[in-house]
Structures are given as C-alpha cells and as structure tokens.
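Structure first, commentary second.
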Amino acid sequence: MSPIRTAIVIGGGISGPVAATALRRAGIDARVFEAYPGPAYGIGSSLGLAPNGVAALDIIGAGDAVRALAVPIRHQFMSVGGKRVPAPSLADIEPMRQIDRGDLHRVLHDHAVTAGVPIEYDKRLVRVEEHADGVTAVFGDGGTATADVLVGADGIRSTVRGIIDPAAPGPRFLHMLGFGGVSECSAEILSDSVVFAFGTKAYYLYWALPDGRVGWGANLPYDRYLSLTEARQVPTAEWLRVLRETYAEDTPGAELAANTRAEDLEVAGALHIMPSVPHWYRGRMVLTGDAIHAPSNTSGQGASLAIESALELARCLRDIADPTTAFATYEAMRRPRVEGVAARVARMNRTKAAGPIARRAMYLLLPLVVKMMDPEKTLGPEQRFRIDWDAPVRPVAAAAG
C-alpha cells in the first residue's frame with residue numbers, strides 16, 4: 001500500500017469529486033475545497049458523456065445514477081444547408097449520454113459526499129506552501145489544509161496550474177460563446193439521436209428530450225471575450241435576439257431559437273480549449289481535468305477524459321510510493337491520449353464558423369466525407385477505452401527538470 005495517506009483536492013466541479021472519490025477508493029483520505037460558496041448546480045449547459053466516460057464512472061459506482069438522468073444518444077447525424085446525413089457509429093457499444101452539466105455535477109457531488117468525502121466551500125486557494133513531506137494549501141479566508149499531496153482539479157482557469165508553473169499557458173478563446181436551451185420544434189427528430197448542424201452563420205446541435213421538447217446548443221461566433229459572469233450580465237432577451245437573428249436562415253435552427261423562452265436559455269460564456277501544458281506536476285502538486293486538458297466541445301470527450309484522468313491519477317497514487325514518480329507515470333499514461341483527442345478535433349473547430357464558400361463545399365462533399373469515415377479508426381480508440389482499476393500500475397521514471 002502506498003505511504004501517501006492524505007490528499008487535498010482543489011476544485012469541486014466534475015473532476016474534483018471524481019478524483020476525491022477514487023482516491024478514497026484507493027485508500028487515500030481526500031478532501032475537496034471549492035471556491036464557490038456552495039454546490040455549483042446550474043453552472044453550464046448540456047454536455048455529452050462518451051461510453052468510455054460512463055464506464056469510468058461505473059468504477060466509483062456513479063454510472064447508473066448518471067444513466068438515469070441522461071438522454072441516450074444512439075444515432076448521430078450531420079447537417080449542412082438542411083441536408084441531413086447519418087454519421088457512422090460504433091457497433092456493440094453503450095450509447096453516448098447527453099446530460100445537463102448541473103445534473104452531472106449534482107450526481108458526482110452527492111456520490112462523493114455519500115462515499116465520505118468532506119467538501120468545504122468558500123475556499124479560494126491563494127498559495128501553496130511546500131514541505132519535505134507534504135503541502136499546505138492557504139485559502140483566502142485565512143484557513144489552511146495540509147496533506148501528503150495536492151491535486152489541482154480547478155478547471156480551465158486553474159490557480160494550481162499557475163503555482164506549478166507561472167509560465168504555463170492559459171486557455172485559448174475560440175471566438176465563440178456557448179448557449180444551451182430547450183425549445184418546441186416541429187421538425188422530425190428521432191428520440192435517441194443528435195444532429196450536428198452547420199448553419200448559414202453558425203454551428204448548432206439539437207436532440208429530442210423525453211418530454212417531447214428539443215434540447216439544443218449554440219456556438220455563437222463572437223470576437224469579444226466574455227467570461228461567464230460578463231455573458232450573464234447581458235439580458236437573456238438580448239441574447240435571444242442575437243441567436244434568432246443568427247439562425248434565422250436555418251432549418252430547424254430558426255424555429256429552435258424562436259421558440260426558446262428566456263427562462264429556458266442557458267448562457268455558458270466563452271468557449272475555450274487548453275493548449276498543451278508543459279508541466280503537469282511539481283513536487284507534491286499535480287493537475288487533472290480541464291486544468292490540463294480541455295478539448296473543444298466538438299470532441300464529445302471533455303468530461304469523459306476528465307473523469308478518466310481522475311481515476312488514473314488515483315491508481316498511480318495507490319500503487320507508487322513516491323509522489324514524483326506517481327505523477328510522472330500518470331502523465332505518461334494520459335498525455336498521449338488526451339492530446340490525441342485534441343489533435344483530432346483541431347480541424348473540426350474551424351468548420352464551426354466556416355464562410356459561405358466553405359459551407360457550399362461542405363454541402364457538396366458531406367455525403368462523400370461521411371461515407372469514407374471509418375468509425376473504428378477515428379472513434380474506436382477513444383470510446384472503447386476502459387480503465388482496469390484492479391491492475392497494478394507500473395511506474396515510469398520522472399523526466400529531468
């Protein structure tokens with residue numbers, strides 16, 4: 001058994017509660033410290049959980065609770081100019097799950113608490129004091145916490161990332177704002193399908209909900225960066241006006257926007273990706289989740305990869321006595337996978353705001369492109385990946401510097 005007995009987890013979003021629950025499963029007493037004043041239910045809009053992500057949640061016993069709330073997506077379509085083409089998918093695999101981010105957060109938060117994970121709020125990290133045999137987190141309210149290791153699961157604006165490496169890159173703004181909504185729509189939409197639509201001016205997606213309504217998400221091209229707080233300071237009625245204007249020429253985008261009520265629109269703020277982060281760890285501090293790998297929402301893998309990384313980190317700390325070696329092994333296990341996903345979707349991001357000429361080419365070539373897709377080659381390595389929790393982790397040497 002590893003001599004690592006205690007862990008501080010900074011961040012109570014998606015990866016933080018999963019990391020803490022997995023660490024407790026590994027025999028390590030983990031505590032979560034969250035900057036928000038309470039559980040962040042309702043933060044963000046809908047997201048997709050890939051089969052590999054749901055399978056990873058099964059390891060900590062949270063998979064079925066997520067399945068109960070999520071909408072299964074068995075079929076995917078691509079649409080350009082109203083032409084809808086079925087996208088090839090993997091056979092004999094669990095469907096993707098579409099779930100509200102707030103619902104996912106609530107499930108993972110409550111599951112962690114049930115598993116015995118203490119979660120403290122209003123704990124904004126300001127600095128970390130390192131010792132020979134541990135670390136102390138210092139919070140804005142003057143409180144402190146000490147443990148053997150500290151895990152930075154504090155998202156794309158990670159404080160821990162800056163402490164580990166002050167020169168670390170920050171998130172890159174994609175010049176798009178994210179929105180989610182629920183609407184009435186007369187278009188025929190299969191109950192277990194999602195459509196990825198490249199509209200006249202902007203990309204959007206939509207799927208059927210169990211109550212007969214339609215869930216949809218919009219990626220609005222926008223040159224000026226707006227944080228979540230700034231975006232939500234704009235009246236919802238104004239955002240609806242902009243969305244209705246943007247999707248006015250699209251079917252069914254125009255109807256989705258027109259029928260969305262102000263109370264049914266979720267403003268998610270700026271969309272980002274994380275560039276490659278050079279240093280995942282230093283001393284007894286390590287990063288996980290969006291703090292080091294936040295691929296575009298185009299990937300369909302953001303939350304799933306964060307969940308996987310939290311579990312793999314816990315396995316490494318369970319089996320490897322030296323924190324530096326454990327962290328190096330964790331990085332060696334995860335970096336090729338997460339950066340491979342990022343590379344796959346890099347080109348796809350540019351199509352979301354394609355100009356009229358590019359959209360015309362997409363319209364003409366879409367059937368051919370889809371026909372040539374090999375889902376086993378492109379999606380198989382991502383979605384069929386499974387973590388063997390019980391397998392011992394073989395350590396790798398830490399890189400110099």
Side-chain angles (χ1 to χ4, degrees), residues 2 4-36 39-40 49 52-63 65-66 101 104-121 123 125 128 135 137 145 147-156 158-161 163-164 274 277 280-281 284-294 302-320 323 326-327 329-331 333-335 337-338 387 389 393:
S2 171
I4 299 169
R5 296 286 184 263
T6 57
I8 295 166
V9 178
I10 303 297
I14 301 298
S15 59
V18 173
T21 306
L23 286 165
R24 287 190 66 85
R25 182 179 173 89
I28 298 169
D29 181 16
R31 293 175 290 164
V32 174
F33 297 87
E34 167 59 48
Y36 276 104
L49 269 182
N52 49 289
V54 180
L57 287 177
D58 282 333
I59 294 174
I60 60 170
V66 169
R101 181 179 292 272
L104 177 61
H105 175 264
R106 175 172 52 80
V107 167
L108 300 180
H109 167 277
D110 293 352
H111 187 75
V113 171
T114 300
V117 175
I119 301 180
E120 297 188 36
Y121 300 100
K123 292 291 185 180
L125 182 71
V128 175
V135 290
D148 295 328
V149 295
L150 183 145
V151 178
D154 49 345
I156 201 162
S158 172
T159 297
V160 180
R161 184 176 63 234
I163 294 173
I164 288 175
M274 272 303 301
V277 175
W280 285 29
Y281 63 91
R284 290 177 175 265
M285 296 181 291
V286 65
L287 299 168
T288 195
D290 284 358
I292 42 170
H293 52 72
S304 296
L305 291 177
I307 291 164
E308 284 181 1
S309 289
L311 287 161
E312 295 285 48
L313 175 60
R315 288 181 64 222
C316 291
L317 289 171
R318 176 194 68 189
D319 294 347
I320 301 171
F327 297 157
T329 303
Y330 156 70
E331 180 179 352
M333 293 166 62
R334 296 301 298 166
R335 185 185 283 274
R337 177 165 170 77
V338 301
I387 294 171
W389 175 265
V393 177

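All residue numbers in this chain count up from 1 along the given sequence.
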Query raised in the report: Ser304 and side chain to side chain contact (heavy atoms under 4.5 Å, CB included): which partner among Val54, Leu49, Ile14?
Result: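 So the option named by the test is Leu49.
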Hey, are the side chains of [X] and [Y] touching, using non-hydrogen atoms and a 4.5 Å cut-off?
X	Y	result
Ile119	Val117	yes
Val18	Ile60	yes
His105	Pro39	yes
Glu308	Ile387	yes
Val160	Leu150	yes
Tyr330	Ile320	no
Arg25	Trp389	yes
Val151	Ile10	no

Query raised in the report: Should the pair Asp29-Arg5 be classified as a salt bridge under the 4.0 Å nitrogen-to-oxygen rule?
Result: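 The answer is no: the pair does not qualify as a salt bridge.
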At what distance, to the nearest 0.5 angstrom, does [atom1] of [X] lie from [atom2] of [Y]?
X	Y	atom1	atom2	value
Ser158	Ile292	OG	CD1	9.5 Å
Thr6	Asp148	OG1	CG	3.5 Å
Leu305	Asn52	CG	CG	7.0 Å
Arg315	Leu23	CZ	CG	13.0 Å
Ile307	Thr21	CD1	OG1	11.0 Å
Arg106	Arg101	CZ	CZ	15.0 Å

Restricting to non-hydrogen atoms, name the atom on [X] and the atom on [Y] that form the minimum distance, rounded to 0.1 Å.
X	Y	answer
Ala137	Leu125	CB-CD1, 3.7 Å
Ala153	Ser15	CB-OG, 3.5 Å
Ala26	Arg318	CB-CB, 3.6 Å
Val32	Gly12	CG1-CA, 3.8 Å
Ile8	Ala145	CD1-O, 3.2 Å
Ala56	Leu311	O-CD1, 3.2 Å

**Report entry** Verdict with supporting geometry, Ser309 and His293, side chain to side chain donor-acceptor pair (under 3.5 Å)
**Finding:** CA-CA 10 Å; Ser309 289; His293 52 72; 2.8 Å; yes
Query raised in the report: Is there a donor-acceptor contact under 3.5 Å from the side chain of Arg24 to the main chain of Ala115?
Result: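 Yes, the answer is positive, given that a donor and an acceptor are paired below the 3.5 Å cut-off.
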Query raised in the report: When you measure from the centre of the six-membered ring of Trp280, is the NZ or CZ of Arg161 under 6.0 Å away and within 45° of the axis?
Result: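 Ring-cation test returns no.
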